[in-house]
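To start, the structure under review is shown below, and the notes come after it.
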Amino acid sequence: MLDEQAKTTILRTMPHALYICGVKEGDEINGFTASWVMQSSFKPPLVVNCVRNDSRSHAMIKASGVFALTFLELGQKDIAQKFFKPQRLVGSKFEDLEFYLGETGCPILSDSLGYIECNVVGSVEKGDHSVFVGEVIAAGVHREGEILSLASTGWNYGG
Ligand SMILES: Cc1cc2nc3c(=O)[nH]c(=O)nc-3n(C[C@H](O)[C@H](O)[C@H](O)COP(=O)(O)O)c2cc1C
């Protein structure tokens, strides 16, 4: 029998950073706060990005086959807070924020450490999140700094 309490407690010790995953579908753009992200290959350069099945962004990534990850800096909790709200409730999350569209057409926040852009080259659709495997096709550094960690926010996502 799975010890639910132990599972939650130990999984919540896994370190995560916070990113804004920028997505698009046609002319529409959107983004969400992402934490279940990691590297998965040097050659070719791959990352995995786990995305909630019921989010607007999930449908947009499936339709377009691309996503961008903006790396937030320690202290940018307010931006992460804005982007964890669903688009269907709050509408555009990019109002009041400076951003530009990358090579993939996905939005990237200017006030951040930097970004990567990915083409989706595979996916695993099990459970309530899908794993999108992204090949990194563009990257940029805006400034040096420490990444916004999930631990620094006092929030939990996972367990
Ligand atoms: C701290 C934190 C971390 C999150 N990490 C993820 C994640 O890794 N993947 C994901 O799909 N959603 C994650 N979310 C939830 C999304 O940000 C949320 O579902 C968002 O409303 C989706 O927006 P959309 O419907 O406009 O696409 C996280 C939320 C919080 C508060």
Side-chain angles (χ1 to χ4, degrees), residues 7-41 45-102 104-109 111-136 145-159:
K7 183 253 316 166
T8 299
T9 302
I10 201 68
L11 282 176
R12 285 187 174 176
T13 68
M14 289 178 78
H16 294 285
L18 293 179
Y19 311 83
I20 302 304
C21 180
V23 300
K24 70 155 194 192
E25 183 178 354
D27 289 339
E28 182 189 346
I29 60 162
N30 187 28
F32 69 99
T33 300
S35 54
W36 292 358
V37 170
M38 68 181 290
Q39 300 178 57
S40 62
S41 167
L46 301 177
V47 296
V48 295
N49 179 14
C50 306
V51 185
R52 272 178 85 114
N53 299 343
D54 64 2
S55 66
R56 177 71 189 119
S57 298
H58 186 278
M60 294 173 77
I61 293 173
K62 277 199 85 159
S64 66
V66 288
F67 62 84
L69 290 167
T70 289
F71 289 50
L72 294 177
E73 187 172 13
L74 199 64
Q76 293 187 303
K77 185 178 174 180
D78 52 332
I79 299 180
Q81 186 155 11
K82 180 168 190 171
F83 278 87
F84 71 53
K85 293 165 186 150
Q87 188 202 47
R88 76 186 135 76
L89 296 183
V90 297
S92 172
K93 298 178 229 180
F94 284 91
E95 275 167 23
D96 314 328
L97 287 172
E98 200 185 309
F99 70 94
Y100 58 94
L101 301 181
T104 55
C106 293
I108 294 161
L109 294 177
D111 179 16
S112 64
L113 297 179
Y115 69 91
I116 56 173
E117 291 187 82
C118 296
N119 283 335
V120 175
V121 293
S123 64
V124 182
E125 301 198 30
K126 302 271 186 200
D128 53 20
H129 286 56
S130 299
V131 182
F132 289 111
V133 181
E135 179 164 357
V136 181
E146 196 178 329
I147 199 163
L148 176 63
S149 62
L150 178 60
S152 76
T153 64
W155 302 330
N156 276 311
Y157 192 80

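Numbering of residues begins at 1 and proceeds along the displayed sequence. The structure displayed is predicted, hence computed values, not measured ones. Remember, it's 1-based here, ligands and their atoms both numbered in the order they're listed.
By the 6.0 Å contact criterion, NZ on K62 is open, its count of non-hydrogen atoms from other residues, nucleotides or ligands being 12 or less.
Under a 4.0 Å criterion applied to the non-hydrogen atoms of V51, ligand 1 contributes the atoms 11 (O). For ligand 1 and W36, the ligand atoms under 4.0 Å from any heavy atom of the residue are 8 (O). Against a heavy-atom cut-off of under 4.0 Å, S35 is close to the following atoms of ligand 1: 3 (C), 4 (C), 5 (N), 6 (C), 7 (C), 8 (O). Atoms of ligand 1 lying under 4.0 Å from at least one heavy atom of Q87, given by number and element, are 24 (P), 25 (O), 26 (O). Of all atoms in ligand 1, numbered sequentially from 1 with element shown, those under 4.0 Å from a heavy atom of A34 are 5 (N), 6 (C), 7 (C), 8 (O). In the vicinity of L150, heavy-atom distances shorter than 4.0 Å reach the ligand 1 atoms 1 (C).
Among residues at least two apart or in separate chains, side-chain hydrogen bond (donor to acceptor under 3.5 Å, both in side chains) pairs with a member in residues 83-97 are E28-Q87.
In this structure, L18 CG and W155 CH2 are separated by 6.5 Å, a value rounded to the nearest 0.5 Å. Distance check: T153 OG1 to L72 CG gives 11.0 Å after rounding to the nearest 0.5 Å.
Using a 4.0 Å cut-off between heavy atoms, Y157 contacts ligand 1 through its side chain alone, with no backbone atom that close.
Neither side chain, S64 nor E25, offers a donor N or O lying under 3.5 Å from an acceptor on the other. Judged purely by distance below 3.5 Å, without hydrogens or angles, the side chains of H16 and S149 never pair a donor atom with an acceptor atom. Checked by atom type, the side-chain pair N53/S130 shows a donor-acceptor distance below 3.5 Å.
For ligand 1, one of its N or O atoms has an N or O atom of C50 under 3.5 Å away. Annotation: P86 places an N or O atom under 3.5 Å from an N or O atom of ligand 1; distance criterion only. Some N or O of K93 is nearer than 3.5 Å to an N or O of ligand 1, by distance alone. In terms of N/O distances under 3.5 Å, ligand 1 is approached by S57. In terms of polar-atom proximity, defined here as any N/O pair under 3.5 Å, R88 makes no such contact with ligand 1.
Relative to atom 13 (C) of ligand 1, the option among T33, N30, D128, T153 with the closest non-hydrogen atom is T33.
Taking 4.5 Å as the limit, some side-chain heavy atom of C118 sits within range of a side-chain heavy atom of V47. Counting only heavy atoms from C-beta outward, the side chains of T70 and F99 never approach each other to under 4.5 Å.
For atom 22 (C) of ligand 1, the closest heavy atom belonging to the protein is F32 CB, 3.7 Å. For atom 25 (O) of ligand 1, the closest heavy atom belonging to the protein is R56 N, 3.0 Å. Regarding atom 19 (O) of ligand 1, its nearest protein heavy-atom neighbour is R52 CD, 3.1 Å. Closest to atom 31 (C) of ligand 1 among all protein heavy atoms lies F84 CD2, 3.3 Å.
Among the candidates F83, F132, F32, the single residue satisfying the side chain to side chain contact (heavy atoms under 4.5 Å, CB included) test with C21 is F32.
Taking the six-membered ring where tryptophan is involved, the planes of W36 and H129 are tilted, since the angle between them lies from 30° to 60°.
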